[in-house]
Structures are given as structure tokens and as C-alpha cells.
**Student:** 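Input: one structure, supplied below.
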Amino acid sequence: MRRIFQLLGLVAAMLLATNAHAQDKKLFNHLAIGAEVGTTGWGFEAAMPLTHYVTFRTGFTTLPRFNVNFDIDYTTKGVEKNVDVKGRVHMSDYKLLADIYPFKHSSFHVTGGFYAGLPDLGTVHNTGLLEVDEGEGLEIGDVFVRPDETGTVHLKLQTKSFKPYVGLGFGRPISSKHKTSVAFDLGVMFWGKPALKVYSPDENGWIKMRKDDIDNKDFHDAVKIIERVKVYPVLNLRIYHNIF
């Protein structure tokens with residue numbers, strides 16, 4: 001994280017330097033609107049150059065929701081049963097980024113900034129309801145999870161809402177020769193240490209599921225792997241149209 005903030009500080013210093021160098025020039029005198037597709041899903045953004053060396057980009061990205069249906073076997077009062085479960089993954093973020101170009105007409109750039117959105121990355125719940133009065137619940141990695149009053153067990157995977165970003169890319173949103181331009185970026189989003197949480201009716205809130213509390217080795221290892229994934233790869237292709 002220290003390196004990230006050092007890079008962001010360097011970006012800020014470069015912005016101040018280029019701003020001082022360009023006092024006699026018109027700033028933000030171009031605007032391009034773009035669409036993108038990549039590992040963050042699809043999105044749109046607006047881009048404006050500060051100088052030949054710095055361009056600001058802001059926009060919105062969303063990873064389309066997709067569902068995964070499966071079933072879980074469990075035992076209640078000595079009787080084996082089966083319940084249908086649905087998992088849903090979704091991610092939406094606002095972004096503010098700055099592209100730094102080493103040369104006046106360079107296509108290569110270094111990018112710094114952040115993404116910000118809701119912390120929930122995925123949710124899981126049973127579609128086949130459990131009998132609350134019968135004391136039914138789901139054993140998830142040897143952890144018994146009781147349902148809420150509707151007979152539903154809720155789990156969710158969370159990351160940080162604020163996610164710093166650093167990356168490299170090629171292309172400029174604003175082209176001096178064409179109305180349309182293309183850009184490509186590769187970087188990483190630092191979303192922190194993911195947390196798997198379960199909803200507890202007793203506590204009336206979400207409780208983090210800790211791997212040390214899980215006896216099942218396979219599930220323990222799965223949670224351990226999830227907690228190690230602290231970055232998300234960002235690879236996208238963007239197409240722009242120069243408005244003015």
C-alpha cells in the first residue's frame with residue numbers, strides 16, 4: 001500500500017509540474033466519450049486532457065450479474081436432505097484515473113487513480129427454504145449456519161469499497177487526426193483482503209467467517225485462498241469519440 005500512495009503522490013507532483021509548465025496554454029479544451037469492455041465488465045467514461053502529458057478519465061464500470069445454481073446435501077435429525085442454492089456475482093464501480101504520458105506525442109502511458117463502489121462482490125442464499133421451527137440449517141465447512149425467519153441462509157463475499165489502481169497502457173482518448181481512437185490498458189485494482197461473511201439472526205448482523213473456526217480442510221483452504229487474493233487484474237479495451 002505504501003508503494004501505491006507513493007505512486008499517487010508522484011502522479012500529483014507530475015500534475016503540478018505540467019500545470020505550471022502549461023499556464024500559457026488552454027487546459028481541458030478537448031472532450032472524448034468512450035465505451036469499454038474488459039475484466040471489469042463493460043462501462044463508459046469521459047476523458048479530458050490537462051496537457052499533452054496528462055489526461056483525466058472518469059466513468060463507471062459494471063460486471064454483469066451472473067448466477068450459479070447448485071445444491072447442498074445436509075442432515076437434520078438424522079435425515080439426509082438436499083437444498084437448492086443460488087450464488088450471484090456482481091461488481092460496479094465509479095473510477096477516476098489520470099494517464100501520464102512521458103512524451104508529447106507518446107501513445108504509452110502510466111495510469112494511477114482509484115475505483116470506488118459497493119463492497120459486496122458476491123452473495124449466496126438457498127432457494128429451497130429451511131424449516132426454522134425444526135432447527136434446520138446449513139453446515140458450511142463444518143460451521144452450522146442457522147437461517148433467518150424466512151428460512152434462508154445468507155452468505156456474502158466483501159472487498160474494500162475504495163480500490164486504488166495502477167497500470168500501463170497504450171493509446172490516447174483524444175486524437176489530433178481522427179474523431180475515433182482506441183486505447184488499451186493493463187493494471188491491477190487493490191481491493192484489500194476479501195472477507196466471507198454469514199448472516200446471524202442472533203446477532204442481527206453480518207459476522208466474518210474465519211478460516212481458523214472451520215474444521216473442514218477443503219473449505220478452510222478455500223477461504224484461505226480467497227483471503228490471499230488482494231488484487232484484481234484489470235484488462236480493458238476502450239473506444240473513444242472526440243466530441244470537441
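The analysis underlying the following values was restricted to heavy atoms, covering all of them including side chains, and did not include hydrogens, waters or symmetry mates. In what follows, residues are counted from 1 in the order of the sequence shown.
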**Student:** Which heavy atom of A46 sits nearest to which heavy atom of I33, and what is that distance?
**Tutor:** CB-CD1, 3.9 Å
**Student:** Identify whether L155 and V85 are in the same connected component of the hydrophobic contact network (ILVMFWY, side-chain heavy atoms under 4.5 Å).
**Tutor:** yes
**Student:** Go through S106 and Y53 one step at a time and tell me if the side chain to side chain donor-acceptor pair (under 3.5 Å) criterion holds.
**Tutor:** CA-CA 8 Å; S106 171; Y53 303 95; over 6 Å; no
**Student:** Within this structure, what is the CG-CG distance for the pair L50 and D99, rounded to the nearest 0.5 Å?
**Tutor:** 12.0 Å
**Student:** Between CD1 of I226 and CE of M209, what distance do you get to the nearest 0.5 Å?
**Tutor:** 10.0 Å
**Student:** For the NE2 atom on H178, are there more than 12 heavy atoms of other groups (residues, nucleotides or ligands in this structure) within a distance under 6.0 Å?
**Tutor:** no
**Student:** Flag yes if I100 and F103 sit in one hydrophobic cluster, no otherwise; membership is Ile, Leu, Val, Met, Phe, Trp, Tyr, and two members link when side-chain heavy atoms are under 4.5 Å apart.
**Tutor:** no
**Student:** Is a side-chain donor or acceptor of R172 paired with a backbone partner of H52 at a separation under 3.5 angstrom?
**Tutor:** yes
**Student:** Below 30° counts as parallel, above 60° as perpendicular, anything between as tilted: where do the rings of Y199 and W206 land?
**Tutor:** perpendicular
**Student:** Scan the side chains in residues 61-72 for donor-acceptor partners under 3.5 Å anywhere in the protein, sequence neighbours excluded, and list what turns up.
**Tutor:**
{"from": "T62", "atom 1": "OG1", "to": "S92", "atom 2": "OG", "distance (Å)": "2.8"}
{"from": "N67", "atom 1": "OD1", "to": "R88", "atom 2": "NE", "distance (Å)": "3.0"}
{"from": "D71", "atom 1": "OD1", "to": "N82", "atom 2": "ND2", "distance (Å)": "3.2"}

**Student:** Do T159 and Y232 have side chains that approach each other closer than 4.5 Å (heavy atoms only, starting at C-beta)?
**Tutor:** no
**Student:** Within a reach of under 6.0 Å around CD1 of I207, are more than 12 heavy atoms found that belong to other residues, nucleotides or ligands?
**Tutor:** yes
**Student:** To the nearest 0.5 Å, what is the distance between OG1 on T58 and CG on L96?
**Tutor:** 5.0 Å
**Student:** Roughly how far, to the nearest 0.5 Å, is the CZ atom of R238 from the CZ atom of F184?
**Tutor:** 10.0 Å
**Student:** Please determine whether residues V110 and I174 belong to a single hydrophobic cluster, defined as Ile, Leu, Val, Met, Phe, Trp and Tyr linked transitively by side-chain heavy-atom distances below 4.5 Å.
**Tutor:** no
**Student:** Quick check: closest heavy atoms across T39 and V234, and the distance to 0.1 Å?
**Tutor:** OG1-CA, 3.2 Å
**Student:** Could you report the tightest heavy-atom contact between R228 and K224, atom names first, then the distance?
**Tutor:** NH2-CE, 3.1 Å
**Student:** Mind checking whether V83 and V198 sit in one hydrophobic cluster, side chains of I, L, V, M, F, W, Y counted as touching below 4.5 Å?
**Tutor:** yes
**Student:** Side chains of P201 and R146: closer than 4.5 Å at any heavy-atom pair?
**Tutor:** yes
**Student:** Looking only at side-chain N and O atoms, does N242 offer a donor or acceptor that is under 3.5 Å from a partner on H30?
**Tutor:** no
**Student:** Please report the closest heavy-atom contact between P173 and S181, naming both atoms and the distance.
**Tutor:** O-OG, 2.9 Å
**Student:** Taking only Lys NZ, Arg NE, NH1 and NH2, and the carboxylate oxygens of Asp or Glu, determine whether E36 and K95 approach each other closer than 4.0 Å.
**Tutor:** yes
**Student:** Kindly list each side-chain donor-acceptor pair under 3.5 angstrom involving residues 123-131, sequence neighbours excluded, with atom names and distances?
**Tutor:**
{"from": "N126", "atom 1": "OD1", "to": "V153", "atom 2": "N", "distance (Å)": "2.5"}
{"from": "N126", "atom 1": "ND2", "to": "G128", "atom 2": "O", "distance (Å)": "2.9"}
{"from": "N126", "atom 1": "ND2", "to": "G151", "atom 2": "O", "distance (Å)": "3.0"}
{"from": "T127", "atom 1": "OG1", "to": "D84", "atom 2": "O", "distance (Å)": "3.3"}

**Student:** Evaluate the side-chain proximity of F108 to L168: yes if any heavy-atom separation is below 4.5 Å, no if none is.
**Tutor:** yes
**Student:** Working to the nearest 0.5 angstrom, can you tell me the gap between H154 NE2 and K197 NZ?
**Tutor:** 15.5 Å
**Student:** Using modelled atom types and a 3.5 Å cut-off, is there a donor and acceptor pairing between side-chain atoms of W191 and backbone atoms of V229?
**Tutor:** yes
**Student:** Taking all non-hydrogen atoms of both residues into account, name the closest pair between P147 and G137 and its distance.
**Tutor:** CD-CA, 4.0 Å
**Student:** Mind running side-chain contact (heavy atoms from CB on, under 4.5 Å) on M91 and Y115 for me, showing each step along the way?
**Tutor:** CA-CA 11 Å; M91 181 171 62; Y115 285 72; over 6 Å; no
**Student:** Please report the shortest heavy-atom distance between Y240 and A183, naming the atom on each side.
**Tutor:** CE1-CB, 4.0 Å
**Student:** If you group Ile, Leu, Val, Met, Phe, Trp and Tyr whenever their side-chain heavy atoms sit less than 4.5 Å apart, what else falls in with L237?
**Tutor:** V182, I239
**Student:** Indicate whether any N or O donor in one side chain lies under 3.5 Å from an N or O acceptor in the other, for H109 and D185.
**Tutor:** yes
**Student:** Among the clusters formed by ILVMFWY side chains lying less than 4.5 Å apart, do Y165 and L121 turn up in the same one?
**Tutor:** yes
**Student:** Measure the NZ-NZ distance between K160 and K230 for me, rounded to the nearest 0.5 Å.
**Tutor:** 9.0 Å
